[in-house]
Amino acid sequence: DAGVIQSPRHEVTEMGQEVTLRCKPISGHNSLFWYRQTMMRGLELLIYFNNNVPIDDSGMPEDRFSAKMPNASFSTLKIQPSEPRDSAVYFCASSVDRDNSPLHFGNGTRLTVT
Amino acid sequence: AQSVTQLGSHVSVSEGALVLLRCNYSSSVPPYLFWYVQYPNQGLQLLLKYTTGATLVKGINGFEAEFKKSETSFHLTKPSAHMSDAAEYFCAVSDLGGTTGNEKLTFGTGTRLTIIP
């Protein structure tokens, strides 16, 4: 089991540029979550999918943020245009719909917007 | 609305000493409660989880936590700290329930645990 795979591990970009973060959940997991971690706000849930369908995107901060899950093995989080305040670590996590199934987190993407 | 308060953003203990990390929650319904651990440059890993039943929950790496409804607490303990326990610890609550409780987790702000040799 390779775990949840996120890419890239680090991304440095200039303000105004488009940023795309990628996530491959654990095979067989049917729920996928995107979180953002900052010193100021801690861990925030941005959006989560169940069976590739977005269920709750109330945590997405602005229209500049969008997420897709075209199939069970891939999801993207896009920021367009990016701003310095978007700098954070973005985590993807997945789980399976079964009692007591834990969240499995990827190692995160550290985004720096200059 | 649910919320989590972790008392103490930094805790230092000597190797071999008791570890106590505090967590208080607020929830309008019986909650699911979690402790996650984050090692440097890694994602979070589940330490332990309370849903129903026995209020003392044992997790990985010798950690345990006790759900105390009257105190709305879910403090994390380990009898003897090890150097490898140095990490950041997050308490989380979910009052959505559901199958896994993962659907609407609210995390605390974290407690950084330092182990003194």
Side-chain angles (χ1 to χ4, degrees), chain A residues 1-10 21 23-26 28-51 53-59 88-111, chain B residues 1-10 23 25 31-54 57-61 63 65 67 87-112:
Chain A
D1 186 346
V4 176
I5 300 172
Q6 291 187 247
S7 63
R9 285 300 307 273
H10 302 273
L21 312 181
C23 175
K24 177 179 170 57
I26 293 174
H29 283 195
N30 57 343
S31 289
L32 184 140
F33 305 78
W34 283 100
Y35 283 88
R36 179 172 65 175
Q37 186 179 39
T38 62
M39 289 293 291
M40 292 298 294
R41 302 173 68 92
L43 266 165
E44 305 171 277
L45 176 65
L46 301 177
I47 185 171
Y48 82 90
F49 296 84
N50 185 260
N51 294 322
V53 176
I55 302 301
D56 185 349
D57 65 354
S58 60
V89 181
Y90 291 81
F91 287 103
C92 176
S94 70
S95 71
V96 61
D97 286 347
R98 188 175 61 240
D99 281 351
N100 298 316
S101 173
L103 273 179
H104 294 262
F105 282 78
N107 287 336
T109 294
R110 183 175 295 278
L111 174 65
Chain B
Q2 59 192 25
S3 65
V4 174
T5 301
Q6 291 185 240
L7 295 176
S9 58
H10 291 84
C23 173
Y25 69 91
Y32 286 13
L33 295 161
F34 308 75
W35 276 99
Y36 280 83
V37 60
Q38 184 179 28
Y39 298 102
N41 300 314
Q42 294 185 24
L44 281 71
Q45 303 172 37
L46 181 67
L47 265 182
L48 48 81
K49 174 179 178 178
Y50 169 80
T51 54
T52 59
V57 181
K58 295 185 184 299
I60 61 172
N61 301 337
F63 284 93
F67 169 57
E88 187 146 17
Y89 292 80
F90 293 87
C91 183
V93 63
S94 171
D95 63 7
L96 187 63
T99 303
T100 64
N102 295 325
E103 290 82 356
K104 205 72 173 178
L105 276 178
T106 297
F107 285 90
T109 51
T111 298
R112 185 169 298 277

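Values below: all heavy atoms of this structure, side chains included; hydrogens, waters and symmetry mates excluded.
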Approximate separation, where rounding is to 0.5 Å, of A:L43 CG and B:E88 CD: 9.0 Å

So OG of A:S95 and CG of B:L46: to nearest 0.5 Å the spacing works out to 11.0 Å

Between B:G43 and A:N107, what is the shortest heavy-atom contact and its length? N-OD1, 3.5 Å

With a 4.5 angstrom heavy-atom cut-off, which part of A:S58 approaches chain B: side chain, backbone, both or neither? side chain

Qualifying residues under ring pair (Phe, Tyr, Trp, His ring centres under 6.0 Å), relative to A:F105, sequence neighbours excluded: A:Y35, B:Y36

Please classify the contact between A:E44 and chain B as side chain, backbone, both or neither, with a heavy-atom cut-off of under 4.5 Å. neither

When rounded to the nearest 0.5 Å, the distance separating CD of A:Q37 from CZ of B:F90 is 4.5 Å

Among residues at least two apart in sequence or on other chains, which ones pass side-chain contact (heavy atoms from CB on, under 4.5 Å) with A:N51? A:N30

How long is the straight-line distance from CE of A:M39 back to OG1 of B:T109, given to the nearest 0.5 Å? 10.0 Å

I'd like to know if the side chain of A:R9 reaches the main chain of B:N41, judged simply by a donor and an acceptor atom lying under 3.5 Å from each other, with no hydrogens or angles considered. yes

